[in-house]
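What follows is a set of notes on a single structure, which appears directly below.
Note that these values count all heavy atoms, side chains included, but never hydrogens, waters or copies made by symmetry. Chain letters run A, B, ... following the sequence lines, proteins first and then strands; every chain starts at 1. Predicted model only: the values in this text are computed from it and were never measured.
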Amino acid sequence: MLPLVKRDFLLSRATIVSLTIIFVSAYLVSFFIDTSQYTLFIYLYLIPIFSLFTLDYRGKINCYVISLPIKRSTIVKARYLFSFCYTVFLILLLWIVDLVVGSIPNIQMESIIMSNRIVLFSVLIALLAILLLIHYLILYLLITAFVSFVTLFTLMVCGIIATAMGWLDWFYALSNHLYFSTIVLILATLLFYLSMKASEKLFSQREIY
Amino acid sequence: MNTVELNHVSKELKGFSLKDLSIKVPQGYITGFIGPNGSGKSTTIHMIMDILKPDQGEIKLFDSPNTEAQLKQKIGFVYDELYMYENFTIKKMKAFIAPLYDGWDDQLFNKYLHEFDLPFRKKLKHFSKGMKMKCSLLFALAHNPEFIIMDEPTAGLDPIFRRELIDLLQELMVDEKRTIFFSTHTTTDLDHIADYIVFINKGEIVMQKSMADIQEYFHIIKGRSDMLDQDMRSLFLGVRETAQGFTALLEGDSSLFDEFKNDVIIEKATLEDIMYFKTKGSN
Amino acid sequence: MNILLSTTSKEPLFQQIKEQIKQQIYTGELTEGEALPSMRVLAKQLKVSVITSKRAYEDLEKEGFLVSSVGKGTFVAGQQPHFLREWQVRELENDFEQLIADAKRLGLTKRDLLERLEIFFEGDES
């Protein structure tokens, strides 16, 4: 499995580096404008993962990979593991940015606490769980991209409306508490795990074109 | 023992189907898989490699179901195209692929890399078709596979490397455990080196024979058109008539024609002759 | 061991290999106990399929020209004297055919030819 994860890193190294720069700047901007900038952040965050799938489709890579001595379930696991590691990496990176920016005097910043970070991480993981499952369910690039986009868009719009209407106030309030964010994290991780198992099952029965 | 066995495999695809395929690829030999374009060669190979799944029937590799991933340790594969990231170099490909095989042999890899004259650090997207094929071959051979499966490996190769490839395959066959199965629509690749032939047309197996039998029992008969009566015609698998005479494919004893010795020409049939007449029948 | 194959000949390849190995045994180019390349190596060298060289070797073994033992290889068998003689007689008969053809060309009859043959035969004995 490790060679597969390494492959993913090899493939997206350039993308990760360039996009990291964009994220960090977008994230910084979001402090000064509005938290709904998270939307932009999440979109950007998903690009490297989607570009991996795009590359897979373009090169019919799975034909090759399935012919190597790797279990189909391992191929799926590796992709999930990569996505997970990538998310952890990003969250850690943003944390470091916060620390650096926070240490500069005279800059006013919204205070972000640990449990906010955990909630953000959980939301990203949950999103991934949904989008990766959609990918393995469909396995056609254009349809996958379309369905993913619609799902993402719907979720965002719902989130924004719910926030505007104040329906999510309880969530925002609770997300400042560590015990709540821990529960959210556990649920999100569980969702991610279940999504992985389902994808493994789907992929092991699929034909590759 | 058979390295590959397909038992009554059927598969329905868009506008095309494979019907009741039973194929045996014996261990220790080269089996050629021939048929016109679009006859189902690639689909069959993809099914053997578990990329596509059969609707019915079973496929066995080394006597085990072909879905077991570990079986692929012993297989080297070459597809009609190199299904790899175009931004990868051979160096990156190696970093990804080498650790997956228990039997990976760096020395062998370097030997072939050198023999095939391939650049180690050039992106695959700058490779020609022939170079991509060589690259596939490089990775197919570097782990010393027992079974080599190839889909049209000679397509896109220049005649020189084509010949070198055939020589290479023969060299590999000195190892008696080695089995090679490869598809081609250029039958001259196989005339000299194939031990067995599987011939597929329109999704069905038309013929499955050893090359020795083919060379012994298939003949081309050429003669004057006026000799060709209904009786004689019924002996042939296919007849092609022109103003200058007829050419026909005969399966069986050519001594039947010994009495016409002075009026007909009897030649050994090539695979191409057999494929042509069996596909076209009589006109 | 030299073997030359014609791919255009009507005679099957394995047959050609067989005949040429036999020939070399008759002429003494291959002697009893001499090791032959394995069938896989021979196939590689001659650029024929394994099944072709296998068939040639198997046939020659069946006919008693070769012996093979597992793990050791294939060797030229000790030849039966009558085989050798049979072959030499056949060679002589080929020469006869040539002789008769030449005689016919010169207009000699069967009787003329026999007479001359007798003279030579007796002259040789005396």
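Looking at B:D50, the atoms closer than 4.5 Å to chain A (heavy atoms on both sides) sit in the backbone and in the side chain alike. Both the backbone and the side chain of B:Q73 have a heavy atom closer than 4.5 Å to some heavy atom of chain A. Proximity to chain A involves both the backbone and the side chain of B:I51, based on heavy atoms less than 4.5 angstrom apart. Proximity to chain A (any heavy atom under 4.5 Å) is shown, for B:I149, by neither the backbone nor the side chain. Only the side chain of B:Y79 comes within less than 4.5 Å of a heavy atom in chain A; its backbone stays farther off. Of the atoms belonging to A:R72, it is side-chain heavy atoms, and not backbone ones, that fall under 4.5 Å from chain B. For B:L13, the part lying near chain A is the side chain, with the backbone staying farther off; criterion is any non-hydrogen pair under 4.5 Å. For chain B, the nearby parts of A:K71 are the backbone and the side chain; heavy atoms of each come within less than 4.5 Å.
Between A:L52 and B:Y85, every side-chain heavy-atom pair lies at or beyond the 4.5 Å cut-off. Put simply, the side chain of A:I66 reaches to within 4.5 Å of the side chain of B:K72, judged on heavy atoms. For the pair A:Y64/B:M93, a side-chain contact is recorded, criterion being any heavy-atom separation below 4.5 Å from C-beta on.
When all heavy atoms are compared, the tightest approach of A:P69 to B:Y101 is CD-CE2, 3.3 Å.
With chain A as the partner, the residue from B:N87, B:I97, B:L124 showing the most heavy-atom pairs under 4.5 Å is B:I97. For the set A:D56, A:L55, A:L68, the count of heavy-atom pairs under 4.5 angstrom toward chain B peaks at A:L68. Between chain B and the residues A:L4, A:T74, A:L2, A:I61, the most heavy-atom pairs under 4.5 angstrom are made by A:I61.
Atom CZ of B:F16 is surrounded by more than 12 heavy atoms from other residues, nucleotides or ligands within 6.0 Å. Shown here is B:K177, whose NZ atom has no more than 12 heavy atoms of other residues, nucleotides or ligands within 6.0 Å. For A:Q205, the CD atom is densely surrounded, since the number of other residues' heavy atoms within 6.0 Å is greater than 12. The number of heavy atoms from other shown groups lying within 6.0 Å of NE2 (B:H114) does not exceed 12. A 6.0 Å sphere centred on NZ of B:K19 holds more than 12 heavy atoms belonging to other residues, nucleotides or ligands. Atom CG of B:D117 is surrounded by 12 or fewer heavy atoms from other residues, nucleotides or ligands within 6.0 Å. Residue B:E86 places its CD atom among more than 12 non-hydrogen atoms of other residues, nucleotides or ligands, all under 6.0 Å distant.
Between the side chain of A:E207 and the backbone N or O of B:K53 there is at least one donor-acceptor pair closer than 3.5 Å.
Atom-to-atom distance recorded for B:F77:CZ and A:C63:SG is 9.5 Å, nearest 0.5 angstrom.
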For this session: Could you walk me through whether B:L100 and A:I70 pass side-chain contact (heavy atoms from CB on, under 4.5 Å), step by step?
Result: CA-CA 8 Å; B:L100 295 169; A:I70 313 171; 3.6 Å; yes
